[in-house]
Amino acid sequence: MHSYLKAVGFSDIFGKKELDSILNNVINEYDEKIVAAGRAGHFFTELVKKYGDDFGIVVCGEYDENNEFQMEYYFPYFFGTGITLQEEVIIEKHAGHVSFAGACDDMRIGVTIIFYLQNAGEYLTQRNRGNYVTDVRDVILSGLAKNGKILFPTLKQEGQEENRRNRTMNRGRLIAAAKNGDEEAMESLTIEDMDMYAMISKRVMDEDIYSIVDTYFMPYGAECDQYSILGEILKIRSCRNERTGTELYVFTMDVNELQFDVCVPKNSIFGVPEVGRRFKANIWLQGIINFQ
């Protein structure tokens with residue numbers, strides 16, 4: 001069973017029989033079907049079943065010579081609502097399935113962001129037509145979380161938030177310059193990191209780490225598209241899995257200047273969520289690329 005089914009409201013699946021019933025429901029009563037030419041003589045097929053406005057399950061496979069669908073794999077999905085990035089995106093195929101990962105550099109974070117590509121069928125269609133080239137694209141990121149914790153916001157002095165945004169923008173410019181070989185930018189970044197390490201080492205003796213670190217976005221575990229995040233909640237909305245009745249929260253988050261939505265079961269959250277408070281969780285990062 002996919003470990004992130006719980007994140008879209010399927011937390012009460014106890015065996016293969018129940019899982020097969022859900023997957024058969026997707027295959028027989030899908031809401032959307034996307035077919036694209038894959039390897040020679042085969043057609044990659046995505047069957048999408050919605051169990052809420054923005055989430056559900058995708059089953060991928062192909063039809064055999066008897067026109068019967070043969071499932072290869074499935075995954076839960078959650079669609080975000082706003083453009084998170086406008087960057088050059090590289091797409092790479094996973095080794096085990098006809099599925100893909102997207103990767104792009106974001107100067108606000110300073111690392112390569114890797115996400116699970118949700119619209120693989122559209123990508124294959126565009127690639128087969130010769131329309132796809134590596135270029136700057138709109139990317140809508142979203143996260144699935146199995147659980148999480150609510151933290152109070154940090155105390156900010158007047159003007160502190162604006163200074164933080166300015167520092168983030170300046171750091172992004174330095175990282176971009178360093179990538180182009182600017183030695184002064186590399187030196188400035190090194191000095192900045194040393195100063196930050198010294199400041200944190202001094203403050204952590206008397207303060208909790210989450211009162212010093214306001215937000216973070218960093219890789220988690222061994223899989224490249226999973227991250228540990230801490231960010232500010234900008235918006236909250238509730239939704240419900242139509243099959244199981246499980247209540248879910250969708251948080252619009254600000255994480256290191258990145259804005260994206262995270263879906264998490266209500267009964268798996270420790271604390272009371274409110275706008276302005278922070279949410280801490282480990283997420284599976286998914287994304288849609290605009291190929292137009």
Set of ring pair (Phe, Tyr, Trp, His ring centres under 6.0 Å) partners for Y74, sequence neighbours left out
none

Pairing residues for E92 by the side-chain contact (heavy atoms from CB on, under 4.5 Å) criterion, not counting sequence neighbours
I90

Using side chain to side chain donor-acceptor pair (under 3.5 Å) as the criterion, list what pairs up with R243, not counting sequence neighbours.
S21

Across all chains, not counting sequence neighbours, the side-chain contact (heavy atoms from CB on, under 4.5 Å) partners of S201 are Y197

Sequence neighbours left out, what passes ring pair (Phe, Tyr, Trp, His ring centres under 6.0 Å) with Y220? Give chain and number order.
none

For N290, give me all partners under side chain to side chain donor-acceptor pair (under 3.5 Å), at least two apart in sequence or on another chain.
none

For Y73, which of H97, H2, H94 qualifies under ring pair (Phe, Tyr, Trp, His ring centres under 6.0 Å)?
H97

Non-neighbouring partners of K235 that pass side-chain contact (heavy atoms from CB on, under 4.5 Å), sequence neighbours left out:
T252

If the condition is salt bridge (charged side-chain N to carboxylate O under 4.0 Å, His left out), which residues does E274 pass it with, not counting sequence neighbours?
R277

Hits for side-chain contact (heavy atoms from CB on, under 4.5 Å) against A120, two or more places apart or cross-chain, chain-then-number order -> F44, E46, F100

Checking Y227 now: which residues fulfil ring pair (Phe, Tyr, Trp, His ring centres under 6.0 Å) with it, not counting sequence neighbours?
F217

So that I know where these two stand, are F75 and Y77 an aromatic pair - ring centroids less than 6.0 Å apart?
no

Just jot down the side chain to side chain donor-acceptor pair (under 3.5 Å) partners of E223, sequence neighbours excluded, or say none.
none

Distance-only check: which donor-acceptor pairs under 3.5 Å involve side-chain atoms of residues 47-54, not counting sequence neighbours?
| residue | atom | partner | partner atom | Å |
| --- | --- | --- | --- | --- |
| K49 | NZ | E29 | O | 3.2 |
| Y51 | OH | N25 | OD1 | 2.6 |
| D54 | OD2 | R237 | NH2 | 2.4 |

